[in-house]
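Have a look at the structure below before the remarks.
Proteins come first, then strands; the chains are lettered A, B, ... in the order of their sequence lines, and each starts at number 1. Keep in mind that the numbers below use all heavy atoms, side chains included, and drop hydrogens, waters and symmetry copies.
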Amino acid sequence: MSDSPIAVEEHNPALRHHFADMEQQRQASSLGMWVFLATEVMFFGGMFCAYLIYRYWYYNEFAAGSRSLDIWLGTINTAVLICSSLTVALGVRAAQMGKRKLLVILLLLTIVFGLAFLGIKGVEWYTKFQEHHIPGSSFNVDDLIKEYPQIRIDPSHQQIFFSLYFAMTGLHALHMIIGVGIFAVLTFYAWKSLYTPEYHTPIELAGLYWHFVDIIWIYLFPLLYLIDRKPLK
Amino acid sequence: MATAAITADRTNYLNQEYGIKSWLLTTDHKRIALLYLLSITFFFFIGGFFALLIRLELLTPAGDLVQSDTYNKLFTMHGQVMVFFFLIPSIPAVLGNFLVPLMIGARDLAFPRINLLSWYLYIIAGVMMLHCILTGGVDTGWTFYTPFSTAFSNTKVIEAGLAIFVAGFSSILTGLNFVVTIHRMRAPGMTWSRLPLFIWAHYATSIIQLLGTPVLAVTLVLVVLERALHLGIFDPTRGGDPLLFQHLFWFYSHPAVYIMILPSMGVVSEIVPCFCRKRIFGYKFVAMSSIGIAVFGFLVWAHHMFVAGISLYSALIFSILSYMVAVPSAIKVFNWTATMYKGSISFATPMLYAFGFIGLFTMGGLTGLFLAALGIDVHVTDTYFVIAHFHYIMVGGAVMGYLGGMHFWWPKISGRMYPEFWGKLAAMIVFIGFNLTFFPQFVLGYLGMPRRYWQYPPEFQVLNVLSTAGSTILAVGYILPMVYFLWSMRYGKIAEENPWGASGLEWMTSSPPPTFNFDHTPEVTWEAYNYENIPAPEEVAVER
Ligand code: HEM
Ligand SMILES: [Cu+2]
């Protein structure tokens with residue numbers, strides 16, 4: 001169908017029929033991604049709101065729960081994610097300059113970082129599982145009560161902290177898994193030379209998404225791991 | 001297919017391609033609109049079926065047709081199906097999908113494949129909901145209040161929650177598509193101040209869908225996680241707060257009532273100028289009031305929780321804010337009325353629905369103000385007064401607008417005219433049936449009949465019988481258009497490009513439109529609703 005008066009000069013094969021030109025298409029896609037990220041802010045916002053209230057109510061339990069998380073693994077994971085954001089940003093640059101091989105390598109690196117994050121997160125979760133810190137009938141925080149006699153801990157309130165911990169990191173991890181999946185597809189297409197300096201919007205959009213997921217973690221890390229780490233008297 | 005006869009010489013979106021695949025894999029916004037039309041009509045009748053069972057049970061004071069357990073499931077599934085599977089997608093996904101690109105002179109929505117994806121998500125959600133209904137159903141009320149939903153109900157809460165979660169994403173994607181389309185795909189000359197008010201209404205609706213629905217989604221996820229994996233975020237036995245659930249739920253669900261009503265307001269803003277043959281009065285005010293509703297709508301949610309244990313101070317503030325949200329709605333009503341003033345009004349079917357909308361919405365809105373007053377709310381909360389209030393808006397308002405819009409744009413959608421006599425008759429039946437069904441409920445609620453019970457004291461019977469009688473009339477009024485719309489697809493008079501003499505780009509292409517909407521991208525040099533320059537069509541004039 002090209003009975004349109006906007007007969008395009010050089011018809012880029014990536015141009016979809018209903019757009020007038022590549023510029024309009026790129027702007028629409030990028031606005032779409034920004035709008036989507038706004039919905040994601042609201043999605044996580046609901047949980048941050050719950051976190052705020054309960055942390056205000058049950059500060060002791062939140063502080064104790066925070067101490068029980070492995071700060072080293074958390075820090076390493078933060079570093080891993082920041083590295084992955086860097087590789088994504090460099091990947092977008094490589095796509096802009098049309099460096100196919102570099103792009104593929106950077107995307108693969110991103111995937112590796114993403115998987116590393118998920119692996120470390122899995123180890124942390126598994127430890128929590130062994131420590132009976134999973135909310136539910138087998139929940140038990142006698143270990144924390146013994147370890148921090150200075151803090152008054154109500155075991156049921158302690159469950160609220162861990163409920164939020166698992167809900168927030170779980171939904172964050174789900175976003176990471178989706179992101180890794182997206183990058184796997186993009187790597188394949190990049191390898192097939194689908195992206196050119198004129199058309200690489202998918203790389204940019206996936207990059208935006210990935211940075212967003214990183215930012216969520218940048219908030220989660222201090223909110224969950226760093227509530228109170230001062231030495232106890 | 002009937003449509004083949006319309007124009008042998010011209011292909012349009014209906015006869016461009018045939019076969020089931022050309023429909024299920026289509027990315028044409030007009031075809032997706034029709035897919036939505038079929039699916040939401042299906043769910044409308046499921047929800048309506050539950051409603052009739054509820055009304056039948058309430059015909060007598062005793063609990064005879066069903067027992068309390070079943071009754072709880074009936075009103076729950078009625079609410080969930082009607083809200084999430086009919087009313088929220090109704091106008092946006094059908095008329096909006098069809099008209100947004102046409103009205104702004106675009107060839108399609110910005111993301112046609114995401115548009116199709118949103119329909120498939122809707123269908124997946126619908127299948128989950130149907131499965132949930134057929135294998136036992138839910139009984140939490142459409143509101144999923146905790147801790148009942150998380151700890152006590154032994155019905156299929158998880159499945160219903162997930163179904164609505166998925167339906168939510170379908171709604172988000174529709175909103176996303178509209179926002180981007182309205183920003184980026186307008187034809188040359190189609191400035192923001194020339195946009196039809198239907199577009200403004202959908203823009204405002206989309207904003208609510210985008211910012212509200214994710215909060216509902218995460219809330220439902222937390223409920224599901226609490227039920228399935230024993231997290232304790234809303235569990236009072238562990239210090240969790242059920243009120244937090246209510247806050248999160250209503251943070252979405254109050255704005256959601258505006259997702260349901262705003263598009264209808266958009267439809268009425270198109271119909272009224274057309275059948276009064278006047279430019280709409282106060283275009284800017286009507287446009288901005290849509291945005292005002294979208295913004296203020298996010299600030300009033302706790303008026304659903306006045307008796308749930310929130311502090312008096314916050315109740316006062318939410319009460320005042322609820323009064324303020326009525327202002328933009330009232331602005332619209334005044335402007336529609338002012339548009340009619342000294343207009344040459346023709347009482348065609350769409351206009352009858354628009355009249356119905358204005359009257360019934362006003363009643364619903366005014367009783368909303370009653371409810372926003374703390375003292376009165378304590379008396380009538382959780383009674384049939386609340387039921388009547390929101391049905392006046394959602395059924396009297398939103399569904400009337402939807403039907404009005406379906407009649408107004410049916411010639412464009414199908415290329416055929418519906419029978420005017422039957423159209424008017426159905427509109428009258430709907431109006432009468434509606435009032436007979438729901439007006440008695442105001443009285444019942446004021447007298448103290450609580451909602452959500454399967455039996456009631458005998459002194460309430462007369463009003464309940466009236467209401468049940470009304471609901472059967474209403475059902476007839478809803479079935480009639482279905483029948484004659486189908487009939488008209490084969491036997492209806494062939495529609496011209498612009499049978500109503502309406503303004504708007506959608507009327508400047510053939511009926512039904514070609515797949516890419518316009519042969520030439522239109523260039524807009526005029527203001528919206530320039531009825532001074534459009535001659536009234538012959539037939540509509542005769543009907544006066
Ligand atoms: C004009 C402004 C409005 C005001 C001031 C208002 C006020 C209220 C108030 C205070 C309640 C709570 C009553 C109670 O539970 O005690 C309520 C309930 C309700 N309203 Fe409105 N309302 C307005 C418009 C709307 C609109 C436009 C809709 C729908 C399209 C709507 C739908 C509902 C629904 C569904 C409920 C009941 C929810 C439930 O408890 O199941 N309202 N309204
Ligand atoms: Cu409300």
Side-chain angles (χ1 to χ4, degrees), chain A residues 1-6 16-20 23-54 57-58 61 134-139 154-168 170-171 174, chain B residues 27-29 101 106-114 169 172-173 175-177 179-181 183-185 187-188 206-207 209-219 221-222 225-226 229-235 237-241 244-245 247-248 251-252 514-521:
Chain A
M1 279 306 286
S2 62
D3 52 6
S4 137
I6 344 158
R16 309 256 297 135
H17 69 82
H18 57 293
F19 289 111
E23 184 54 18
Q24 189 191 28
Q25 170 165 324
R26 204 190 58 76
Q27 287 189 355
S29 311
S30 123
L31 179 63
M33 189 39 119
W34 281 105
V35 172
F36 176 73
L37 294 184
T39 73
E40 288 277 33
V41 168
M42 297 306 287
F43 184 85
F44 281 97
M47 278 184 301
F48 280 111
C49 168
Y51 171 92
L52 195 75
I53 291 162
Y54 289 129
W57 282 355
Y58 308 134
E61 289 79 1
I134 307 255
S137 47
S138 65
F139 184 80
D154 179 333
S156 58
H157 296 171
Q158 194 64 57
Q159 289 203 39
I160 302 269
F161 173 80
F162 283 112
S163 296
L164 277 168
Y165 169 76
F166 283 110
M168 293 171 108
L171 286 172
L174 182 67
Chain B
T27 52
D28 180 351
H29 65 104
R107 302 171 123 216
D108 205 322
L109 288 172
F111 309 118
R113 285 177 294 188
I114 289 185
F169 277 93
I172 289 176
L173 292 182
L176 188 146
N177 230 331
V179 165
V180 175
T181 307
H183 268 282
R184 292 278 178 248
M185 310 285 286
S206 305
I207 291 177
Q209 284 176 311
L210 289 168
L211 298 183
T213 320
V215 178
L216 176 76
V218 77
T219 312
V221 167
L222 293 179
L225 289 178
E226 186 151 337
L229 303 177
H230 307 290
L231 298 196
I233 293 171
F234 303 125
D235 179 359
T237 63
R238 286 180 272 179
D241 189 359
L244 176 64
F245 170 84
H247 278 295
L248 291 174
F251 180 84
Y252 164 76
T515 298
F516 291 126
N517 294 346
F518 300 97
D519 296 339
H520 303 281
T521 303

Which answer fits B:Thr181, side chain, backbone, both or neither, if we ask what part of it has an atom under 4.5 Å from a heavy atom of chain A?
neither
Just wondering, do A:Pro135 and B:Arg238 contact through their side chains at under 4.5 Å, heavy atoms?
yes
Which portion of A:Phe36 sits near chain B, non-hydrogen atoms under 4.5 angstrom:
both
In Å and rounded to the nearest 0.5 Å, what is the CE to CZ distance from A:Met42 to B:Phe251?
4.0 Å
So, taking the atom named NE2 in A:His17 and the one named OG1 in B:Thr27, what distance separates them when rounded to the nearest 0.5 Å?
5.0 Å
Could you look at B:Leu211 and say if it's the side chain, the backbone, both or neither that has a heavy atom under 4.5 Å from chain A?
both
Heavy-atom closest pair, residues A:Ala167 and B:Leu225
CB-CD1, 4.4 Å
Between atom NE2 of B:His230 and atom OG of A:Ser138, what is the distance when rounded to the nearest 0.5 Å?
9.5 Å
Can you tell me how far apart CD1 (A:Ile53) and CG (B:Asp241) are? Round to the nearest 0.5 Å.
7.5 Å
Say you draw a straight line from CD1 of B:Ile233 to CD1 of A:Ile160; how long is it, rounded to the nearest 0.5 Å?
7.5 Å
How close do A:Ala50 and B:Leu244 get, counting heavy atoms only, and between which atoms?
CB-CD2, 3.6 Å
For the student: nearest non-hydrogen atoms of B:Leu210 and A:Thr39, plus distance:
O-CG2, 3.3 Å
Measure A:Leu164 against the heavy atoms of chain B and call it side chain, backbone, both or neither at under 4.5 Å.
both
Value rounded to 0.5 Å, distance of NE2 in A:His18 from NE2 in B:His29
10.0 Å
side-chain contact (heavy atoms from CB on, under 4.5 Å) assessment of A:Phe19 paired with B:Met185:
CA-CA 8 Å; A:Phe19 289 111; B:Met185 310 285 286; 3.3 Å; yes
Contact class of B:Leu222 relative to chain A, heavy atoms under 4.5 angstrom:
side chain
Contact origin within A:Ile134 toward chain B - heavy atom pairs under 4.5 Å:
neither
Heavy-atom contact with chain A under 4.5 Å, split by part of B:Leu229
backbone
Measuring heavy-atom distances to chain B, does A:Ser137 have an atom under 4.5 Å in its side chain, in its backbone, in both, or in neither?
neither
For B:Asn517, is it the side chain, the backbone, both or neither that has a heavy atom under 4.5 Å from a heavy atom of chain A?
neither
Among A:Tyr58, A:Phe166, A:Trp34, which has the most heavy-atom pairs under 4.5 Å with chain B?
A:Tyr58
Among B:Ala217, B:Gly240, B:Gly212, which residue forms the greatest number of heavy-atom pairs with chain A at distances under 4.5 Å?
B:Gly240
Would you mind checking which part of B:Ala106 comes under 4.5 Å of any heavy atom in chain A, side chain (CB onward), backbone (N, CA, C, O), both or neither?
neither
Heavy atoms, side chains only, cut-off 4.5 Å: are A:Leu171 and B:Val221 in contact?
yes
Over all heavy atoms of both residues, which pair between A:Ser163 and B:Gly232 is shortest? Give the atoms and the distance, please.
OG-N, 2.7 Å
By a 4.5 Å heavy-atom criterion (distance strictly below it), what part of B:Ile172 contacts chain A: side chain, backbone, both, or neither?
side chain
